[in-house]
Amino acid sequence: MVYDYKEKFSVRGKKCIVTGGAQGLSRGMAEGLLENGAEVVLMDLQKEKLEQAVEEYCGKGYKAHGVAGDLSKKAELDRMFDEAMELLGGKLDVMIPAAGIQRRYEPWEFPEEMWNLVINVDLNHVWFMCQRAIQVMRDKDTVGKIINIGSMNSFFGGTTVPAYSAAKGAVTQLSKSIASDCADHSICCNVIAPGYMDTEMCANMSQERKDECTKRIAAGRWGRPEDLKGPVLFLASSASDYLNGAVIPVDGGFLVKS
């Protein structure tokens with residue numbers, strides 16, 4: 001049988017949730033899905049910015065919805081998921097719990113409240129969104145897709161970001177565990193590990209540190225949100241139905257350059 005790439009790589013009509021979707025990499029991933037015919041609920045804490053993004057996408061004829069709330073709180077997260085499921089008519093094909101934060105302190109100064117906040121957003125929210133998605137997706141006729149977001153800090157120890165590094169390392173192992181448990185329940189769980197990306201999260205890095213990182217990137221530039229569109233479309237489509245538990249660096253060659 002001829003391999004129909006247009007059908008296999010299509011996300012048209014898929015029902016999706018992307019957290020953190022008002023800006024940065026999350027918005028880039030949501031945009032890639034919307035541009036190719038998916039219906040997407042964007043979630044974010046920043047209500048005004050979220051509403052602006054949704055209005056822009058709806059103005060282009062895309063099927064975009066917004067649900068605002070605090071993903072660091074379990075009760076809020078559950079409310080947001082339930083609202084999203086109502087908007088999507090009770091069906092979910094793709095879950096991307098991509099919201100993330102970073103707090104920079106020397107390890108001997110890292111405040112307990114900042115540690116808890118980063119872990120709640122970067123790890124706990126990921127797990128609970130995955131769990132809610134699994135409950136909806138499992139044992140269906142179609143393959144559900146969970147796409148988690150790691151980092152170069154899933155492989156390396158980051159500088160002045162111990163909570164972020166701990167969370168991103170945990171997300172990769174969590175995703176492998178989900179893949180192992182859910183592959184025979186018609187669910188794929190994979191990880192995208194972005195390299196250094198030109199987004200709001202890295203805005204507070206010193207220029208000296210940015211220059212140091214750029215030297216290690218084989219492509220010679222930092223990534224942009226649109227660089228994640230292709231990998232997300234692949235992982236969200238049926239072209240990746242036999243890919244499970246993978247951690248895919250999207251880093252311009254950062255990992256392979258000595």
Side-chain angles (χ1 to χ4, degrees), residues 4 6-22 26-44 50-51 53-58 60-69 71 74-99 125-149 174-175 178-179 181-192 228-229 231-245:
D4 186 347
K6 291 182 179 179
E7 177 186 347
K8 289 293 186 181
F9 283 86
S10 175
V11 296
R12 185 165 299 280
K14 288 187 179 291
K15 311 280 190 175
C16 313
I17 293 174
V18 180
T19 71
S26 301
R27 180 164 178 176
M29 290 184 281
E31 186 172 275
L33 292 165
L34 287 164
E35 288 169 338
N36 288 277
E39 183 175 1
V40 182
V41 175
L42 293 79
M43 295 182 175
D44 208 285
L50 177 65
E51 289 174 345
V54 171
E55 182 178 359
E56 176 187 330
Y57 291 136
C58 289
K60 294 179 178 180
Y62 302 150
K63 291 184 177 180
H65 313 278
V67 174
L71 291 162
K74 178 61 164 56
E76 274 282 272
L77 182 151
D78 284 331
R79 172 191 63 79
M80 295 166 73
F81 184 87
D82 290 340
E83 285 188 24
M85 291 309 299
E86 286 186 24
L87 290 166
L88 295 174
K91 184 181 179 185
L92 181 63
D93 298 298
V94 181
M95 165 58 77
I96 309 179
H125 126 263
V126 174
W127 161 242
F128 288 119
M129 277 294 179
C130 286
Q131 186 179 50
R132 293 299 305 270
I134 290 165
Q135 291 164 355
V136 174
M137 291 176 172
R138 69 188 182 98
D139 301 321
K140 295 291 192 296
D141 293 334
T142 56
V143 179
K145 301 301 181 76
I146 296 173
I147 306 170
N148 287 328
I149 307 303
L174 170 63
S175 301
I178 291 171
D181 284 331
C182 296
D184 62 346
H185 290 282
S186 196
I187 296 172
C188 294
C189 181
N190 294 292
V191 181
I192 292 174
L228 293 189
K229 290 182 180 181
V232 162
L233 290 171
F234 168 59
L235 291 176
S237 73
S238 60
S240 60
D241 280 358
Y242 199 62
L243 185 67
N244 223 333

Less than 3.5 Å apart, which donor and acceptor atoms pair up between the side chains of residues 9-17 and the rest of the protein, not counting sequence neighbours?
residue	atom	partner	partner atom	Å
Ser10	OG	Arg12	N	3.2
Lys15	NZ	Glu39	OE1	2.7

Which atom of Tyr62 lies closest to which atom of Leu34, heavy atoms considered: CD2-O, 3.7 Å

State, with a plain yes or no, whether a side-chain heavy atom of Met29 is found less than 4.5 Å away from one of Ile149. yes

With side chains defined as the heavy atoms from C-beta onward, is the minimum distance between Asn244 and Cys188 less than 4.5 Å? yes

Determine whether Gln131 and Phe81 make a side-chain contact, defined as any pair of heavy atoms from C-beta on separated by less than 4.5 Å. no

Separation between CD1 (Ile147) and CG (Leu228), nearest 0.5 Å, reads 10.5 Å

Between Val143 and Met137, is any pair of side-chain heavy atoms under 4.5 Å apart? no

Any non-hydrogen side-chain atom of Tyr57 less than 4.5 Å from a side-chain atom of Val40? no

Does Thr19 form a side chain to side chain contact (heavy atoms under 4.5 Å, CB included) with Met80? I'd like the steps, not just the answer. CA-CA 10 Å; Thr19 71; Met80 295 166 73; over 6 Å; no

Using the salt bridge (Lys or Arg N to Asp or Glu O under 4.0 Å) rule, take Lys8 and Asp4 through it: C-alpha gap first, then chi angles, then the decisive distance, then the call. CA-CA 6 Å; Lys8 289 293 186 181; Asp4 186 347; over 6 Å; no

Applying side chain to side chain contact (heavy atoms under 4.5 Å, CB included), run through Trp127 and Ile178 and close with a yes or a no. CA-CA 10 Å; Trp127 161 242; Ile178 291 171; 4.3 Å; yes

Nearest heavy-atom neighbours spanning Ala64 and Cys58: O-SG, 3.3 Å

When rounded to the nearest 0.5 angstrom, what is the spacing between NZ in Lys6 and OG in Ser237? 15.5 Å

When you compare the side chain of Ile96 with that of Ile192, does any pair of heavy atoms fall below 4.5 Å? no

With rounding to the nearest 0.5 Å, note down the distance linking CD1 in Ile187 to CG in Asp241. 12.5 Å

How far apart are the closest heavy atoms of Ala99 and His125, and which atoms are they? O-CE1, 3.4 Å

State, with a plain yes or no, whether a side-chain heavy atom of Leu71 is found less than 4.5 Å away from one of Met129. yes

Working for side chain to side chain contact (heavy atoms under 4.5 Å, CB included), residues Ser240 and Asn190: CA-CA 10 Å; Ser240 60; Asn190 294 292; 5.5 Å; no

Taking all heavy atoms of Asp44 and all of Ala22, pick out the closest pair and write down the distance. OD2-N, 3.2 Å

If we ignore hydrogens and angles and just use 3.5 Å, is the side chain of Ser175 paired with the main-chain N or O of Cys189 as donor and acceptor? no

Under 4.5 Å between any side-chain heavy atoms of Asn148 and Pro97, yes or no? yes

Kindly compute the distance separating CG (Asp93) from CG (Leu33), expressed to the nearest 0.5 Å. 10.5 Å

Can you give me the closest heavy-atom contact between Ala236 and Lys145, atom names plus distance? O-CG, 3.8 Å

Between the NE2 atom in His185 and the NZ atom in Lys140, the distance rounded to the nearest 0.5 Å is 12.0 Å

The residue among Lys60, Lys229, Lys63 that forms salt bridge (Lys or Arg N to Asp or Glu O under 4.0 Å) with Glu35 is Lys229

Might you point out which heavy atoms bring Gly32 and Leu233 nearest each other, and give the distance in Å? O-CD2, 3.6 Å

Partners passing side chain to side chain contact (heavy atoms under 4.5 Å, CB included) against Glu76 (at least two apart in sequence or in another chain): Asp70, Lys73, Arg79

Under the side chain to side chain contact (heavy atoms under 4.5 Å, CB included) test, which residues partner Asp82, sequence neighbours left out? Arg132

Between the SG atom in Cys182 and the CZ atom in Arg138, the distance rounded to the nearest 0.5 Å is 9.0 Å

